[in-house]
Amino acid sequence: MSNRERHSGAVTLRGSVTRSSTADQALLDSRGRPDWKTKDAWRTLRILSEFVEGFETMADLPPSVSVFGSARSAENSAECRLGYELGGALARAGYAVITGGGPGVMEAANKGVAEAGGLSVGLGIELPFEQGLNDWVELGIDFRYFFVRKTMFVKYAQGFVVLPGGYGTMDELFEALTLVQTRKVTQFPVVLMGTSYWGGLIDWLRTTMLGEGKISKEDLDLMMLTDDVDEAVNHIVNTSETAP
Ligand SMILES: C/C(=C\CNc1ncnc2c1ncn2[C@@H]1O[C@H](COP(=O)(O)O)[C@@H](O)[C@H]1O)CO
């Protein structure tokens, strides 16, 4: 891994060369940085340039679906096999597939798309322990800022499919649900794949969140739960704004 080429904006890092912090860390963690007031104002230009790069690159994409899932899943895990099948099925249905461009489920989905002849997109993120884009990404962008990257996942996709994952995956899932719930985006299907993995969360949403009045009954219907790849793809085709 340490010999792989890594990118940090315009900077390329090879071998054991590292940077002391990522751009996200420098923006968000101002502890011990007396200069943050002056430096952060200028940082907006870098943020702006990341939006411009993303918008320009993504604007020409065909109808696309963003697929999320664990960065830690082993290649032969059930969720990676599901990610691979899903990627292939979405490609055959005519969608480009956007992932976080990392390992695990992301890589499996990108591989499924690429092998099925679809367009495999990866939106990488600069991390302190960065791994670079997986080998199956055909169109890739490396982002410094999580929030800029998250805009691209939503803006250029017709829907989300969320496979088993950890905090990162939950963040992406709940951002989408909040955007749909507050009608910031409309006709935006969210599919959860992996009934046994997500079952406990769905139960908790129903009994605790809904039970204590923190969400409405309709909010539970904002996502569809399945193990079936065809059902997932059909749901996206039938409920999104733009079909391929
Ligand atoms: C943790 C490891 C590698 C991290 N590499 C990542 N590359 C790209 N995208 C990532 C990475 N880690 C998280 N993400 C985003 O969050 C989701 C997965 O996070 P989770 O916590 O594993 O569920 C994923 O959809 C990405 O967008 C070690 O190998």
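Sequential numbering from 1 along the given sequence is applied to the chain's residues. For ligands, and for the atoms within them, numbers begin at 1 and follow the listed sequence. Quick caveat, the model's predicted, so the values are computed rather than measured.
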Give me the residue, atom name and distance of the protein heavy atom closest to [atom].
{"atom": "atom 1 (C) of ligand 1", "answer": "F129 CE1, 3.8 Å"}
{"atom": "atom 19 (O) of ligand 1", "answer": "G168 CA, 3.4 Å"}
{"atom": "atom 27 (O) of ligand 1", "answer": "E172 OE2, 2.5 Å"}
{"atom": "atom 28 (C) of ligand 1", "answer": "Q131 NE2, 4.0 Å"}
{"atom": "atom 14 (N) of ligand 1", "answer": "M106 CE, 4.1 Å"}

Exercise. Any non-hydrogen atom of P103 lying under 4.0 Å from ligand 1?
Worked result: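 For ligand 1, residue contact (heavy atoms, under 4.0 Å) with P103 is present.
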Exercise. Parallel, tilted or perpendicular for F68 and F153, by the 30°/60° rule?
Worked result: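 Judged by the thresholds at 30° and 60°, the geometry between F68 and F153 is perpendicular.
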In the single-linkage hydrophobic clustering (I, L, V, M, F, W, Y; side-chain heavy atoms under 4.5 Å), do [X] and [Y] co-cluster?
{"X": "L82", "Y": "M170", "result": "no"}
{"X": "V65", "Y": "M106", "result": "no"}
{"X": "F160", "Y": "W198", "result": "yes"}
{"X": "L192", "Y": "I98", "result": "yes"}

Which ligand 1 atoms does [X] reach within 4.0 Å, using its non-hydrogen atoms?
{"X": "G69", "answer": "17 (C), 18 (C), 24 (C), 25 (O)"}
{"X": "G165", "answer": "23 (O)"}
{"X": "G102", "answer": "7 (N), 8 (C)"}
{"X": "S70", "answer": "22 (O), 23 (O)"}
{"X": "F68", "answer": "25 (O)"}

Quick one: look at [X] and ligand 1, take heavy-atom pairs under 4.0 Å, and tell me if it's side chain, backbone, both or neither.
{"X": "L127", "value": "side chain"}
{"X": "M170", "value": "neither"}
{"X": "R149", "value": "side chain"}

Exercise. Of the choices G100, A71, S66, which has the non-hydrogen atom that lies closest to atom 2 (C) of ligand 1?
Worked result: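 Nearest heavy atom to atom 2 (C) of ligand 1 lies in A71.
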Problem set entry | With S120, the side-chain contact (heavy atoms from CB on, under 4.5 Å) member among L139, V113, V97 |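 Filter result, single survivor: V113.
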Exercise. Checking side-chain contact (heavy atoms from CB on, under 4.5 Å) for the pair I125/L123: CA distance, chi angles, key distance, verdict?
Worked result: CA-CA 7 Å; I125 182 73; L123 306 184; over 6 Å; no
Problem set entry | Validation row, ring centre Y145 to ring centre F143 under 6.0 Å |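 No, too far apart.
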Exercise. Does the N or O separation between T169 and ligand 1 drop below 3.5 Å for any pair?
Worked result: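 Such a contact does occur with ligand 1.
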For this session: Would you check if there is a donor-acceptor pair between the side chains of Q187 and S240 at a distance under 3.5 Å?
Result: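 Distance-only check fails for S240 and Q187.
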Exercise. Taking NZ, NE, NH1 and NH2 as the nitrogens, is one of them in D135 or K111 under 4.0 Å from a carboxylate oxygen of the other?
Worked result: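 No, D135 and K111 are not salt-bridged.
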